[in-house]
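One structure is given below, encoded as structure tokens.
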Number of protein chains: 2
Amino acid sequence: MERSGGGDPRETLRLLWRQGKPRSGRGRPPKITLSTIIAAAISVADGKGVDAMTMDKVAAALDVGTMTLYTHVPGKAELIDLMVDAAWQSLELSDAGSWRAQVTHYAHQTLALHARHPWLRSISTVRPPLGPGLFTRQNHLLAALSETALPPSEATAAVDAIVTFVDAAAATEAEHAQASAVSGEPEDDWWSARQLFWEEIFDPARYPAIARSWAEGGFDRTASEARVNAFDIGLRALLDGINVMAAMAADETHQRESRVSER
Amino acid sequence: MERSGGGDPRETLRLLWRQGKPRSGRGRPPKITLSTIIAAAISVADGKGVDAMTMDKVAAALDVGTMTLYTHVPGKAELIDLMVDAAWQSLELSDAGSWRAQVTHYAHQTLALHARHPWLRSISTVRPPLGPGLFTRQNHLLAALSETALPPSEATAAVDAIVTFVDAAAATEAEHAQASAVSGEPEDDWWSARQLFWEEIFDPARYPAIARSWAEGGFDRTASEARVNAFDIGLRALLDGINVMAAMAADETHQRESRVSER
DNA sequence: CTCGTTTCCGTAGATCGTACGGTATCCTTT
DNA sequence: AAAGGATACCGTACGATCTACGGAAACGAG
């Protein structure tokens with residue numbers, strides 16, 4: 001797996017925020033820029049996955065020698081950081097409506113983002129690229145939750161929980177499409193090829209709950225419908241829970257204020 | 001990224017369920033078995049991540065030539081499938097208590113599982129290995145939720161939502177530990193090396209919600225504490241939401257039965 | 001002892017990231 | 001107009017890595 005946040009911090013940050021010194025004018029003019037490299041890399045990865053995103057292919061897409069890329073980017077790890085942040089920059093956020101509406105909007109935009117860039121899931125962002133894309137996301141969600149009465153540390157936790165769930169669910173959904181596209185084998189075909197599993201190997205006695213759910217129609221939906229359902233249910237449940245937390249926090253604040261005013 | 005579910009279905013299923021023909025007795029006796037290969041591969045990946053889990057290293061750990069592995073396993077993709085399912089087989093489930101208690105127990109065991117095997121996150125299971133490990137998990141969660149009044153298709157969706165959230169949160173937590181171990185750079189050091197970001201690049205005016213949360217102590221917890229908090233909050237919220245769904249479903253069933261008995 | 005069976009494994013080709021150093025093309029200075 | 005410095009381009013080569021191929025080795029049966 002690719003992991004972001006590996007290279008020299010100063011250099012990577014300079015690239016993320018496009019703080020390179022402006023060209024002096026002297027010297028051979030560049031055929032490509034940082035932005036065109038990132039765009040080409042994203043384009044390659046969109047089509048065939050991160051695995052297929054090799055420096056060779058990116059260079060070829062730009063009609064440039066492979067090593068030319070290294071004039072603009074320290075290495076592949078840094079390029080991936082830049083791709084991730086660029087992808088998040090394309091997220092369309094909305095300030096309209098309640099915090100719930102904003103978060104729901106965010107969730108659906110994230111779904112679309114992962115659909116556009118299925119490779120996002122493949123990149124661990126435990127040490128995230130500290131770029132505009134991810135900061136904008138964090139800022140937006142924190143701003144939305146500041147409408148609730150949650151104390152700062154709980155608001156941060158709530159944002160983390162939202163990001164974790166939404167990102168995971170969106171990534172899963174996108175992966176299915178990606179798997180079909182890359183392997184050239186639609187999901188239905190993949191399951192059909194494993195028909196023999198149910199016929200020859202699966203033992204209902206060993207997995208009674210699965211067998212019963214099957215018999216009662218628990219798997220009647222298409223796989224895709226089932227995932228959409230899980231996404232909606234999970235998001236709604238999560239926001240309900242945050243709502244409860246916020247109400248409790250508001251109560252406590254209120255009680256404290258009452259006590260103060262009673263003196 | 002590695003993606004599971006790629007190889008020949010029949011062969012992979014045979015390996016997952018250990019349905020190979022028993023040895024005839026004739027021929028050169030094997031130095032290694034399928035199980036020892038899987039164990040060695042897991043051991044290598046545990047220490048250094050999937051990237052470092054090369055066929056060379058696995059073979060070396062078994063004191064065997066690299067190509068010997070291919071006598072027992074069709075290729076690396078299939079070996080990864082086997083590793084994933086073996087890992088999930090090690091999950092310790094519990095039938096004790098309410099469905100909520102069971103799911104919470106599952107969540108904490110999953111946390112431990114990812115802590116043991118941080119590489120799990122790196123493997124996409126959109127086309128999962130159809131082995132005992134994953135079936136046992138699915139069966140257990142479905143059985144737990146059958147205690148609620150949820151209709152089958154909603155129970156399936158609820159299980160999916162739980163798996164999505166728990167897996168993502170547990171994986172994130174594990175990744176932090178893994179990142180520190182592999183890079184040899186503790187999380188604190190990583191952030192320290194990026195101190196200059198806050199000093200030279202971060203613009204509070206552009207990200208007011210982050211700046212305000214910072215000022216009000218929203219980031220006072222250590223990163224690790226904050227994640228634990230997000231995990232607990234998210235799980236509680238999710239289960240609350242499922243509880244509400246179940247109550248509504250029970251109501252509807254009850255009303256339907258009342259109508260019937262009124263005739 | 002020989003033969004069939006099963007397993008072990010060395011070699012080699014293909015693909016990928018990137019270090020190194022040379023080359024090409026521009027502007028500025030003289 | 002020529003020289004020099006700056007900047008960008010890129011061909012070659014090396015070390016990993018996966019795995020196809022085919023031969024060698026070790027066993028039981030006859």
Side-chain angles (χ1 to χ4, degrees), chain A residues 1-4 6-8 11-12 15 20-37 40-41 44-45 48-83 119 122-123, chain B residues 1-4 6-8 11-12 15 20-37 40-41 44-45 48-83 122:
Chain A
M1 140 156 308
E2 308 292 345
R3 200 190 315 276
S4 73
D8 172 52
E11 179 67 7
T12 306
L15 293 171
K21 305 165 190 166
R23 266 185 58 76
S24 69
R26 268 198 296 262
R28 181 174 182 168
K31 289 171 67 174
I32 56 180
T33 67
L34 183 56
S35 298
T36 59
I37 292 178
V44 171
K48 320 214 170 189
V50 246
D51 285 349
M53 197 280 279
T54 66
M55 298 305 260
D56 274 1
K57 291 213 183 74
V58 174
L62 293 164
D63 197 32
V64 143
T66 307
M67 292 314 294
T68 300
L69 300 178
Y70 288 87
T71 304
H72 303 267
V73 165
K76 196 182 182 186
E78 288 80 1
L79 176 55
I80 289 176
D81 268 21
L82 290 163
M83 291 168 65
W119 45 267
S122 318
I123 298 155
Chain B
M1 142 156 308
E2 308 293 345
R3 199 188 317 276
S4 72
D8 172 53
E11 180 67 7
T12 305
L15 293 171
K21 305 163 191 168
R23 264 184 61 76
S24 70
R26 267 198 297 264
R28 182 175 182 167
K31 291 171 64 175
I32 55 180
T33 68
L34 184 56
S35 299
T36 59
I37 291 178
V44 171
K48 321 215 171 188
V50 247
D51 286 348
M53 198 279 280
T54 67
M55 298 304 259
D56 273 3
K57 290 212 183 77
V58 174
L62 293 163
D63 197 31
V64 144
T66 307
M67 292 314 293
T68 300
L69 301 178
Y70 289 86
T71 303
H72 304 268
V73 165
K76 196 183 182 184
E78 289 80 2
L79 176 54
I80 289 176
D81 268 21
L82 291 163
M83 290 168 65
S122 317

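FYI, side chains are in, hydrogens and waters are out, and symmetry mates aren't considered; it's all heavy atoms of this structure. Naming: A, B, ... by sequence-line order, numbering from 1 per chain.
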Hey, which sits more toward the 5' end of DNA chain C by its nearest nucleotide, Met55(A) or Gly27(A)?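 Comparing both residues, the 5'-ward one is Met55(A).
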Of the options [options], whose atoms approach the side-chain atoms of [X] most closely?
X	options	value
Arg26(B)	dC9(D), dA26(D), dT5(C)	dT5(C)
Lys31(A)	dC10(D), dT5(C), dA25(D)	dC10(D)
Thr54(B)	dC9(D), dT17(D), dT19(D)	dT17(D)
Tyr70(B)	dC8(C), dC18(D), dA20(D)	dC18(D)

More 5' along DNA chain D: Asp56(B) or Pro29(B), using each one's nearest nucleotide?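 Here Asp56(B) is the residue nearer the 5' end.
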Relative to the 5' end of DNA chain D, which residue comes earlier, Arg28(B) or Arg28(A), by the nucleotide with the nearest heavy atom?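 It is Arg28(A), whose closest nucleotide lies nearer the 5' terminus.
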Can you measure [X] atom [atom1] to [N] atom [atom2] for me and round it to whole angstrom units?
X	N	atom1	atom2	value
Glu78(B)	dT19(D)	CD	P	8 Å
Met67(A)	dC16(C)	CE	P	15 Å
Leu62(A)	dA8(D)	CG	C1'	15 Å
Asp51(A)	dT17(D)	CG	P	16 Å
Met53(B)	dC18(D)	CE	C1'	12 Å

For [N] and [X] - does any side-chain N or O of the residue sit under 4.0 Å from the phosphate oxygens OP1/OP2?
X	N	value
Ser24(B)	dT6(C)	yes
Arg23(A)	dA8(D)	yes
Thr68(B)	dC9(C)	yes
Lys57(B)	dA16(D)	no
Lys76(A)	dG17(C)	yes

If we only count heavy atoms from C-beta on, is the Ile80(B) to Met53(B) side-chain gap below 4.5 Å?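 The answer is yes; the side chains approach within 4.5 Å.
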Base, sugar-phosphate alone, or nothing: which one does Leu69(B) contact when heavy atoms must sit under 4.0 Å apart?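 No contact.
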Describe the nucleic acid contact of Ile32(B) in one word from base, sugar-phosphate, nothing, applying a heavy-atom distance below 4.0 Å.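 Touches sugar-phosphate only.
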Do you know the tightest heavy-atom contact between Trp119(A) and Met83(A)?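 So the minimum-distance heavy-atom pair works out to CH2-O, 3.7 Å.
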Quick one: closest heavy-atom pair of Pro29(B) and Arg23(B), and the distance?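 Result for this residue pair: CA-NH2, 4.0 Å.
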Interatomic spacing from CG in Leu34(A) to CD in Glu78(A) - rounded to 0.5 Å: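 Spacing of CG (Leu34(A)) from CD (Glu78(A)) equals 11.5 Å.
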To the nearest 0.5 angstrom, please state how far the CG atom of Leu62(B) sits from the OG1 atom of Thr68(B).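 The distance works out to 9.5 Å.
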